[in-house]
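Here's the structure we're looking at; comments come further down.
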Number of protein chains: 2
Amino acid sequence: MTQAHISSEEEIKERTSGWLSRLAEQGYRITGSRRAVVDVLAEAGTSLSPAEIYEQGRALHKQLGLVTVYRTLEKLEELGLVQRVHRPDGCHAYIPALHGHEHLLLCQQCGRMEYFRGDDLSELSRRLEGESGYTIKDHWLQFFGLCAQCQ
Amino acid sequence: MTQAHISSEEEIKERTSGWLSRLAEQGYRITGSRRAVVDVLAEAGTSLSPAEIYEQGRALHKQLGLVTVYRTLEKLEELGLVQRVHRPDGCHAYIPALHGHEHLLLCQQCGRMEYFRGDDLSELSRRLEGESGYTIKDHWLQFFGLCAQCQ
DNA sequence: GATATAATTGAAAACAGTTTTCAATAACTG
DNA sequence: CAGTTATTGAAAACTGTTTTCAATTATATC
């Protein structure tokens with residue numbers, strides 16, 4: 001079933017604290033700077049570049065440095081909590097990671113994003129493996145367009 | 001119908017001369033440097049970064065400069081002859097442009113690429129539009145894996 | 001063919017985004 | 001609460017890309 005999806009407040013809270021616990025579990029310290037990066041990205045409704053995260057993060061923790069944004073993103077990405085988004089016009093933005101078999105719908109104007117499920121590419125994937133000789137490990141399915149506000 | 005596809009020698013020749021004619025048609029001059037970039041990329045079996053194109057292009061035209069590689073790619077991209085490839089690990093490589101409704105299958109090891117047709121995402125696209133309120137303009141479907149040689 | 005002219009070139013400089021270095025700071029442990 | 005050690009931000013270094021500019025060269029015209 002197709003299912004577009006916007007995060008609720010509770011889900012965001014859970015995501016934020018979940019990310020912080022995962023960092024702590026790994027032995028990383030929870031600092032004001034990391035908390036700021038986590039807060040900004042966990043509640044983002046759009047994909048954000050490091051510079052945008054830096055800017056928004058400074059509202060929460062004014063001495064935040066851009067370097068720390070990069071370093072925190074690196075750790076969150078390693079833990080699979082965050083991932084980079086690729087778009088036709090560039091691929092320097094981050095979003096909370098997709099879970100399981102989710103895919104992306106992105107607004108080309110404002111960067112707003114939504115997740116959805118409901119495709120089934122397994123048959124196509126199997127056919128392709130047969131014809132090409134490749135072993136397929138992964139796939140991307142992304143839709144681009146204009147969100148309701150931007151139309 | 002799914003249809004994976006490797007370019008034959010003739011197709012490559014046609015592609016090369018096609019690209020050069022398109023450049024000429026647009027009033028661009030056909031120079032040794034442009035010819036080198038076109039030759040390298042038109043016959044590439046893998047996606048290539050500007051630096052790789054530069055390196056291979058110098059074998060054909062030894063005074064080729066990296067700057068000209070960028071400038072030529074820009075023009076080829078404007079004309080829709082070439083496009084950038086996005087991959088999980090980065091998006092700084094170029095390939096001959098997909099035509100119509102083609103999609104990509106990329107080897108994560110060596111960068112080898114193949115095109116295929118045969119998906120039908122129009123129904124999914126329509127459902128998503130209804131649920132999300134987006135107007136969908138475009139989509140990406142890409143598969144990643146290991147080619148026969150790299151397995 | 002030779003010539004004029006305007007696009008194109010490559011090298012160097014400038015630029016933007018990202019990463020490294022390093023001394024100062026602050027989070028966790030006991 | 002004090003000690004240890006990860007983490008921080010600023011500055012410097014780096015990488016990939018773009019701009020500047022004088023010299024070169026493809027094309028149109030004779």
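In the text below, chain A, chain B and the rest are named by the order of the sequence lines, each starting its count at 1.
For B:T135, the side chain to side chain donor-acceptor pair (under 3.5 Å) test picks out A:Q151, with sequence neighbours left out. Residues passing the ring pair (Phe, Tyr, Trp, His ring centres under 6.0 Å) test with A:Y134, sequence neighbours excluded: none. Residues forming a ring pair (Phe, Tyr, Trp, His ring centres under 6.0 Å) with B:H139 (at least two apart in sequence, or on another chain): A:F143, B:H101, B:H103. Every residue meeting the side chain to side chain donor-acceptor pair (under 3.5 Å) condition with B:R112, not counting sequence neighbours, appears here in chain and number order: B:Q149. Checked against disulfide (SG to SG under 2.5 Å), A:C107 has no partners two or more places apart in sequence or in another chain. In this structure, A:Y94 has no side chain to side chain donor-acceptor pair (under 3.5 Å) partners at least two apart in sequence or on a different chain. Listed by chain and residue number, nothing satisfies the salt bridge (charged side-chain N to carboxylate O under 4.0 Å, His left out) test with B:E9 (two or more places apart in sequence, or in another chain). In this view, B:S21 satisfies the side chain to side chain donor-acceptor pair (under 3.5 Å) rule with no residue, not counting sequence neighbours.
Taking atom CD of residue A:E74 and atom P of nucleotide D:dT8, one finds them 12 Å apart after rounding to whole Å. B:R35 places its CZ atom 11 Å from the C1' atom of D:dA26, with the value rounded to the nearest Å. Atom CG of B:L48 and atom C1' of D:dG16 are 17 Å apart (whole Å). Counting to the nearest Å, the C1' atom of C:dT9 and the CG atom of B:L73 are 16 Å from each other. In this structure, A:E55 places its CD atom 16 Å from C1' of C:dG17, rounding to the nearest Å.
Of the residues in residues 78-96 of chain B, B:H92 come within less than 4.0 Å of DNA chain D through at least one heavy atom, sorted by number. Annotation: proximity of residues 23-31 of chain A to DNA chain D (heavy atom, distance under 4.0 Å) is found for A:Y28, A:R29, A:T31, numbered in ascending order.
Side-chain nitrogen and oxygen atoms of B:R34 include none within less than 4.0 Å of the OP1 or OP2 phosphate oxygen of D:dA26.
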Mind listing the N/O atom pairs, protein and nucleotides 10-14 of chain C, below 3.5 Å?
from: C:dG10; atom 1: OP1; to: B:S33; atom 2: OG; distance (Å): 3.0
from: C:dG10; atom 1: OP1; to: B:Q63; atom 2: O; distance (Å): 2.6
from: C:dG10; atom 1: OP1; to: B:L64; atom 2: N; distance (Å): 3.3
from: C:dG10; atom 1: OP1; to: B:G65; atom 2: N; distance (Å): 3.1
from: C:dG10; atom 1: OP2; to: B:G65; atom 2: N; distance (Å): 3.3
from: C:dG10; atom 1: OP2; to: B:T68; atom 2: OG1; distance (Å): 2.1
from: C:dG10; atom 1: O5'; to: B:Q63; atom 2: O; distance (Å): 3.3
from: C:dG10; atom 1: N7; to: B:R71; atom 2: NH2; distance (Å): 2.7
from: C:dG10; atom 1: O6; to: B:R71; atom 2: NH2; distance (Å): 3.2

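Comment: A:E25 engages A:R22 in a salt bridge, judged by a side-chain N to carboxylate O separation of less than 4.0 angstrom.
Annotation: side-chain hydrogen bond (donor to acceptor under 3.5 Å, both in side chains) contacts involving residues 44-63 of chain A, sequence neighbours excluded, comprise A:S33-A:H61, A:S49-A:E52, A:Y54-A:R58.
Residue A:E78 qualifies as enclosed at atom CD: its count of foreign heavy atoms under 6.0 Å is above 12.
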